[in-house]
Number of protein chains: 2
Amino acid sequence: MTTGTAADPGPAPASAPPSLRDLKKEQTRVRLHTAAVLLALDKGVHEVTVEEVAAAAGVSPRTFFNYYATKEDALVGADPSRTELLRDAVLARPADEPPAVALRATLTEHVLGLEKDPELWRMRRELALRSPELAARIAGAGDRLESALVEAVYTRTGTDPATDLATGLTARTAMAALRAAFHQHRVAGFSGSLLDRLDAAFDAAGLAPAPDSSG
Amino acid sequence: MTTGTAADPGPAPASAPPSLRDLKKEQTRVRLHTAAVLLALDKGVHEVTVEEVAAAAGVSPRTFFNYYATKEDALVGADPSRTELLRDAVLARPADEPPAVALRATLTEHVLGLEKDPELWRMRRELALRSPELAARIAGAGDRLESALVEAVYTRTGTDPATDLATGLTARTAMAALRAAFHQHRVAGFSGSLLDRLDAAFDAAGLAPAPDSSG
DNA sequence: GAGCAAACTTGCAGTCACTGCAAAACAAGC
DNA sequence: GCTTGTTTTGCAGTGACTGCAAGTTTGCTC
């Protein structure tokens, strides 16, 4: 670790039990994100200041930037480690799976993760409603993840991105499906199941279904 | 017109001959963009200041913001009127064309437009090479355009975005194809034809080809 | 439990993007 | 040359974001 700040990737071994310290860091991160969303819902995205968010989360403004690189990152809960996690998840899928299957499985898991904390998810959806520019990122479908996934699938296939167009396109199409699904979900007032919509989007995009994600 | 600044959409009638004033504005816009790119190539994106760009373009810093809303917009040449233009282009395609065809034709035109000024295009490519985060936007494949195109195709079909997933997905897939094509182009050192790559990407994405764009 | 080292927080001082406003410079038409 | 509408500019301010150099806390070791 070279930075010496809270933004560190965390414990080195993947299986390490979260230390007390890491737990606290995670809590602070969530508190900052939650505070940002709440305040944004209350007074509008542009009216919220980092200072307020930090105060609401009980840390100094300076510390805010140890957790999120930008105010917007805090609003959408952009966690670099989450991006890394998803990239690793793609890489961890069985080697014989075609990219489309690995991506579909991974993004499906991802969406399941979004709904883990229902209350927070409710607030985030509301924010997406009021600030559509943030919608894609709130659904975890921003540029950064797209790039990470593209890189991941190329690593899987071991093909040359300069000649193999299809692999990267598949990753980008998968992200397009996620964005389309969330957009539909949003304009539909968040009725119905986002997961179903995502499934439909994957199908419509011609991305092969993951045969069975229970094993 | 309500804003009273240079960021105005321009003359109301589409066929109006560009007045001297409009010509000058366009020149200033290009000068700012060019200066921004040149400076960024010279010293790096983060090292360029708006003040420098404005000075290089021969305007005051304040005037800079009459032309571009953000520094990044100037770097990628984000022209709101261009987004509008593309949206209108999609709307102007024959009503009986399926969305995929209209999108493919429009984005193909768009890419042709990119290469209009070879020298500027060369610099922009170089910038994309050095600052990959900007690549998508440099190719004109950013969030804003994606949203605009999604909206445009839904307008064409007249369907309800809350129930019709396919239409929006098609637009997002088309953008994915553009991004994939440009990404490949970039990692391939900009050898070969971007247009060919885009064609291949559209084909791979299953977007029907535009039968004939000459008429 | 004292002591140590590494990790985390904070304050400070600074840079720079970006904004609203009102006055100046300017262009186009009469 | 004057009028009117547009564009440019200066000014003054807000707030995001950063590097740095203390503080403070945590986890470990003896």
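Note that this is a predicted model, so its numbers are computed, not measured. Chain naming here is simple, since letters A, B, ... match the order of the sequence lines and numbering starts at 1 in each.
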In whole angstroms, how far is the P atom of D/dA16 from the CG atom of A/L32? 14 Å
How many Å lie between CZ on B/F65 and C1' on C/dC18, as a whole number? 5 Å
Is A/K71 near enough to D/dG15 that one of its side-chain N or O atoms lies under 4.0 angstrom from OP1 or OP2? no
Can you check the B/L23 CG to D/dT7 P distance for me, whole Å? 14 Å
Heavy atoms from C-beta onward define the side chain here; which of D/dT9, C/dG11, D/dT7 lies closest to that of B/S60? D/dT9
Any side-chain heavy-atom pair from B/T83 and B/D79 closer than 4.5 angstrom? no
From CD of B/E72 over to P of D/dC17, roughly how many Å is that when rounded to an integer? 13 Å
Could B/R29 and B/Y68 be counted as a cation-pi pair, given that NZ or CZ must be under 6.0 Å from the ring centre and within 45° of the axis? yes
Among the nucleotides D/dC17, C/dC18, C/dT10, whichever has the atom closest to the side chain of A/T70 is D/dC17
Above 12 or not: heavy atoms from other molecules or residues under 6.0 Å from CD of B/E51? no
Residue pairs meeting side chain to side chain donor-acceptor pair (under 3.5 Å), one or both in residues 131-141 of chain A, sequence neighbours left out, come to A/E72-A/R137, A/D73-A/R137
It should be established whether B/K24 places a side-chain nitrogen or oxygen under 4.0 Å from OP1 or OP2 of nucleotide C/dA27. yes
For A/N66 and C/dA6, what is the distance between atoms CG and P respectively, to the nearest whole Å? 19 Å
Check this for me, if you would: do B/R179 and B/E146 make a salt bridge, where the nitrogen-to-carboxylate-oxygen distance has to be below 4.0 angstrom? yes
Return the polar atom pairs (N/O with N/O) between nucleotides 21-23 of chain D and the protein under 3.5 Å, or none.
none

Which residues, if any, of residues 38-59 of chain A bring a heavy atom under 4.0 Å of DNA chain C? A/V59
Give a yes/no answer on whether the side chain of A/Y67 brings an N or O atom under 4.0 Å of OP1 or OP2 in C/dT9. yes
No-hydrogen, no-angle side-chain donor-acceptor test under 3.5 Å, A/S60 and A/T63: yes
Separation of atom CD in B/Q27 from atom C1' in D/dT8, rounded to whole Å: 16 Å
For C/dT10, does OP1 or OP2 lie under 4.0 Å from any side-chain N or O of A/T63? yes
Could you please spell out the steps behind the side-chain contact (heavy atoms from CB on, under 4.5 Å) verdict for B/M175 and A/R172? CA-CA 9 Å; B/M175 290 295 281; A/R172 294 181 196 274; over 6 Å; no
Report the nucleotide, chosen from C/dC21, C/dA17, D/dC17, that has the shortest atom-to-atom distance to any side-chain atom of B/R62. C/dC21
Taking atom types as modelled, is there a side-chain donor on A/R124 or A/H33 under 3.5 Å from an acceptor on the other? yes
Are any of the side-chain heavy atoms of A/F190 and A/R122 separated by less than 4.5 Å? no
